[in-house]
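The structure appears below as structure tokens.
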Protein chains: 2
Amino acid sequence: MLKRERLLKIVDIVNKQGIITVNDIIHELNVSDMTIRRDLDELDKAGKLVRIHGGAQSITHAMDQELSHVEKLDVQVEEKTQIAALAASIVNDRDTVFLGPGTTIELLARHLLHKKIRIITNSYPVFEILTQSDTAEIMLIGGDFRKNTGTFVGPLVNSSLQKLNFTKAFISANGVHNEEISTYSIEEGEAHQIALNNSRSKYLLVDHTKFNREDFYVFYNLHDMDYLITDDKIRSDVQAHYEQYVEMQLPQKA
Amino acid sequence: MLKRERLLKIVDIVNKQGIITVNDIIHELNVSDMTIRRDLDELDKAGKLVRIHGGAQSITHAMDQELSHVEKLDVQVEEKTQIAALAASIVNDRDTVFLGPGTTIELLARHLLHKKIRIITNSYPVFEILTQSDTAEIMLIGGDFRKNTGTFVGPLVNSSLQKLNFTKAFISANGVHNEEISTYSIEEGEAHQIALNNSRSKYLLVDHTKFNREDFYVFYNLHDMDYLITDDKIRSDVQAHYEQYVEMQLPQKA
DNA sequence: ATATAAATAAACAAATACAAACACATGATT
DNA sequence: AATCATGTGTTTGTATTTGTTTATTTATAT
């Protein structure tokens, strides 16, 4: 039997069974254990299956288990969920909404799937979520793709954003320090800035850990924001301090 | 036995069996192993089969591994695979390539994953495939999203494309009728047109079923294309007719 | 936590497949 | 007839694949 034939068979079996042991395959195909192991490693590297100790899983099977895990990888999920829900309640039908990148905004996007609105974003994950909607009109601002953050940036993004006006813009940030709102990359900050300038109402979505922290590039002034939405774990003195700059919105304390 | 005769026989056997070893063919045809290997290499280069260690696979058999189930539902997959393979061989490292929408182009994108090139596209499926590459630099031209075709269109796309120049542009179409190349939507056609105008070399990728068919919007003239790549199922009189307009490229007939 | 068994990785050896170079044969071209 | 291109087989060295052996790591049960 050809090697390729064997590999195909293994993938078939794994896809059918979901999960399989090395010994299962040995009995099925009559080759040595090391060959199977080498096959599984190769198929794993090729993305055809997921190698596990003692055998392998099909891609879908592995994803089922990991999905909850991945979602938990993010920090402050609970707080961000709160923020997203509150922000979503502000969006009305017929709004033209800009959504920036970031996990908080992704959670917000999930809430907007069934609204009759127009959504513009430069974030690939946000866009992916929005493609599931059948009521919202979606526009992705494309340009250079930053694979690590899943964001589109650069001159093409900036010049496209210049041409558009929004009723509401939702932006997240890495740091809020007095009046300064900052993020880790100049290019992303520039896009944020343009989107905010062209929006009637400007919303900053940050969880409580972002306050009194600075990041590399300052892209906006808190004075010029209309609302800041955060979670209820914020310290009251911090909240009091920042209320001099901008109107803050928090979910009801339970 | 003539060489041509032997090659045809090999293709026949492979297509019937799906997968075959070099030794199988030796016993069947009574020639030396090296001759068979040379034959298989030749047939592989011509896109008639896929060479693997120890033997060969038929095109369809090889696709079973690479293509998702949805993609297999597409019509003329085999022809489009041929076209995509041929087109991919034209792309060199350091090219700046534009890829339009369409399943043929999606197949082409798979072939480009490991090249050191810059790729620009306005097709979401193409972009999704390309995100798997770690050698290619990717740019998605964003704008209004057409969910049914997965394509970005509209003024934002057009003005972005105006700013970019490509070394090679690969475009598909729904109909080719004499000099007229047509597609089903004005907006997509406009984007095609701009991309082609800004490309040094212009390639039209259409399978044989698209000839002498018209669609709604004529977006380009065959005269202004540099190359037309199609499959070998095209009728020779049709081929002869269209060769007056443009240089045609077909995979080698065995 | 420690001991035990299972699974794995690494190194090696044998078999098989392969690629390149060469030589010979055939048939076409001049 | 001499020359050339093409196709084929042979030889030789290389690369790939596979199984075996030996450590090492990982899982599991006490």
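Just so it is clear: chains get the letters A, B, ... in the order the sequence lines come, proteins before strands, and each one is counted from 1. Everything quoted here is computed from the prediction, not taken from an experiment. As a basis for the values below, the full set of heavy atoms in this structure was taken, side chains included, without hydrogen atoms, waters or symmetry mates.
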For nucleotides 12-16 of chain C, give me every protein contact, N/O to N/O, under 3.5 Å, one pair per line with atom names.
none

Touch class at under 4.0 angstrom, heavy-atom based, for Arg51(B) against every strand present: sugar-phosphate
Phe98(B) and Phe166(B) aromatic ring geometry - parallel, tilted or perpendicular at 30°/60° bounds: tilted
Whole-Å gap separating C1' (dC18(C)) and CD1 (Ile26(B)): 12 Å
Under-4.0 Å salt bridge between Asp33(A) and Arg37(A): yes
Atom pair OH (Tyr242(B)) and CG (Leu222(B)), whose distance is rounded to the nearest 0.5 Å: 7.5 Å
Geometric class of the His192(B)/Phe219(B) ring pair [parallel <30°, tilted 30-60°, perpendicular >60°]: perpendicular
d(NZ, Lys45(A); C1', dA9(C)) in whole Å: 14 Å
Spacing of Ile36(B) atom CD1 relative to dA17(C) atom P, expressed in whole Å: 13 Å
Sugar-phosphate only, base, or nothing, as touched by Ile52(A) at under 4.0 Å among non-hydrogen atoms: sugar-phosphate
d(CZ, Arg4(A); P, dA17(C)) in whole Å: 16 Å
Sugar-phosphate only, base, or nothing, as touched by Asp41(B) at under 4.0 Å among non-hydrogen atoms: sugar-phosphate
Lys3(B) NZ to dA25(C) C1', straight-line distance once rounded to whole Å: 16 Å
Short side-chain to backbone donor-acceptor contact, Thr183(B) and Ala173(B), under 3.5 Å: no
Salt bridge (Lys or Arg N to Asp or Glu O under 4.0 Å) between Arg235(B) and Asp237(B), intermediate numbers included: CA-CA 6 Å; Arg235(B) 277 178 27 212; Asp237(B) 59 324; 2.7 Å; yes
Where chain B begins and ends its contact with DNA chain D, read 5' to 3' at 4.0 Å from heavy atoms: dG7(D) to dT17(D)
Sugar-phosphate only, base, or nothing, as touched by Leu40(B) at under 4.0 Å among non-hydrogen atoms: nothing
No-hydrogen, no-angle side-chain donor-acceptor test under 3.5 Å, Asp207(A) and Thr209(A): yes
Rounded distance in Å - CZ (Arg37(A)) to P (dA10(C)): 13 Å
Side-chain donor/acceptor of Thr104(B) to backbone N/O of Lys80(B), under 3.5 Å: no
Position toward the 5' end of DNA chain D (nearest nucleotide), Val31(A) or Thr35(B): Thr35(B)
Ring centre gap for Phe127(A) and Phe127(B) strictly below 6.0 Å: no
